[in-house]
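Note sheet for the following structure.
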Amino acid sequence: ETGVTQTPRHLVMGMTNKKSLKCEQHLGHNAMYWYKQSAKKPLELMFVYNFKEQTENNSVPSRFSPECPNSSHLFLHLHTLQPEDSALYLCASSQMGGRTYNEQFFGPGTRLTVL
Amino acid sequence: DQQVKQNSPSLSVQEGRISILNCDYTNSMFDYFLWYKKYPAEGPTFLISISSIKDKNEDGRFTVFLNKSAKHLSLHIVPSQPGDSAVYFCETGNQFYFGTGTSLTVIP
């Protein structure tokens, strides 16, 4: 595997379900990100992890719970979601994190539908 | 309120001609900008960047221009090719603000 991978690619869940999104980067990067992209809206930053430590939480509701066990893996745990949480969730990585000037490498995204 | 705006949701250009994609931003403190392109079912991929100490950066067929006084940047693609058909996003480098994207179609 190369680049940034995300699983699953598609997910349909009910509002009472618990599910997790997984992201893995094979680039040796130190920072990982979760973004949400809703229809007709720009990408919204959710979380940033730098060297496994969370450095940004963009006022995300607690029903989204990130986990970063190491610099290569990032999870987004989902529980009691709302239909308005239906969106494309993108994971990204970069060499350095925080407010630094470097490009991000994105995975293909998970298309989430909450019923 | 959106910090970065791409006011043209779509653009169609003939193959071989120039494509110009535009992006406006609100905060004059933003000092680094990136362009990404996205094909369907794939994540965005980095294309080109520019620092505010420059007003132009060129990479092959792609050139980004920055007008700091107007808080405006543009991406020029010359000559446009059918493989350039994608959605293009601008981003403020260290603030993580993205535009909504412009869908470019290059007609053979």
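Throughout, a chain's letter reflects where its sequence line sits, starting with A, and its residues are numbered from 1. Predicted model only: the values in this text are computed from it and were never measured.
A/Phe106 has its side chain out of reach of B/Lys38: every pair of non-hydrogen atoms, C-beta onward, lies at least 4.5 Å apart. Counting heavy atoms from C-beta on, the side chains of B/Ser49 and A/Glu103 never come closer than 4.5 Å.
Both the backbone and the side chain of A/Leu43 come within contact range of chain B, with heavy atoms under 4.5 Å apart. If you measure heavy-atom distances from A/Gln37 to chain B, the contacts under 4.5 Å come from the side chain alone. Neither the backbone nor the side chain of B/Gln6 comes within contact range of chain A; no heavy atoms are under 4.5 Å apart. Contacts between B/Phe89 and chain A at a heavy-atom distance below 4.5 Å involve the side chain alone, from C-beta outward.
Residues A/Phe75 and A/Met32 do not share a hydrophobic cluster, defined by chaining ILVMFWY side chains whose heavy atoms lie under 4.5 Å apart. Residues B/Leu66 and B/Phe62 fall within the same hydrophobic cluster, defined by Ile, Leu, Val, Met, Phe, Trp and Tyr side chains chained together at heavy-atom separations under 4.5 Å. Following chains of ILVMFWY side-chain contacts shorter than 4.5 Å, one cannot reach A/Leu45 starting from A/Phe47, and the two form parts of different hydrophobic clusters. No chain of hydrophobic side-chain contacts below 4.5 Å, direct or via other Ile, Leu, Val, Met, Phe, Trp or Tyr residues, connects A/Leu27 to A/Met96. One hydrophobic cluster holds both B/Phe33 and B/Ile77 under the rule that ILVMFWY side chains link at heavy-atom gaps under 4.5 Å.
Here A/Tyr35 contributes atom OH and B/Phe98 contributes atom CZ; the two are 4.5 Å apart, rounded to the nearest 0.5 Å. The structure places OH of B/Tyr97 at 11.5 Å from CD of A/Glu44, a figure rounded to the nearest 0.5 Å. Atom NZ in A/Lys40 sits 10.0 Å away from atom OG1 in B/Thr100 (nearest 0.5 Å).
The two atoms that bring A/Pro42 and B/Gly99 nearest to each other are CB-O, 3.6 Å, heavy atoms only.
With chain A as partner, the option from B/Gly93, B/Pro44, B/Ala41, B/Pro9 having the largest number of non-hydrogen pairs under 4.5 angstrom is B/Pro44.
At least one donor-acceptor pair closer than 3.5 Å links the side chain of B/Tyr36 to the backbone N or O of A/Gln104.
More than 12 heavy atoms of other shown residues, nucleotides or ligands fall within 6.0 angstrom of atom NZ in B/Lys68. When the shell of 6.0 Å around CZ of A/Arg9 is examined, it contains more than 12 heavy atoms from other residues, nucleotides or ligands.
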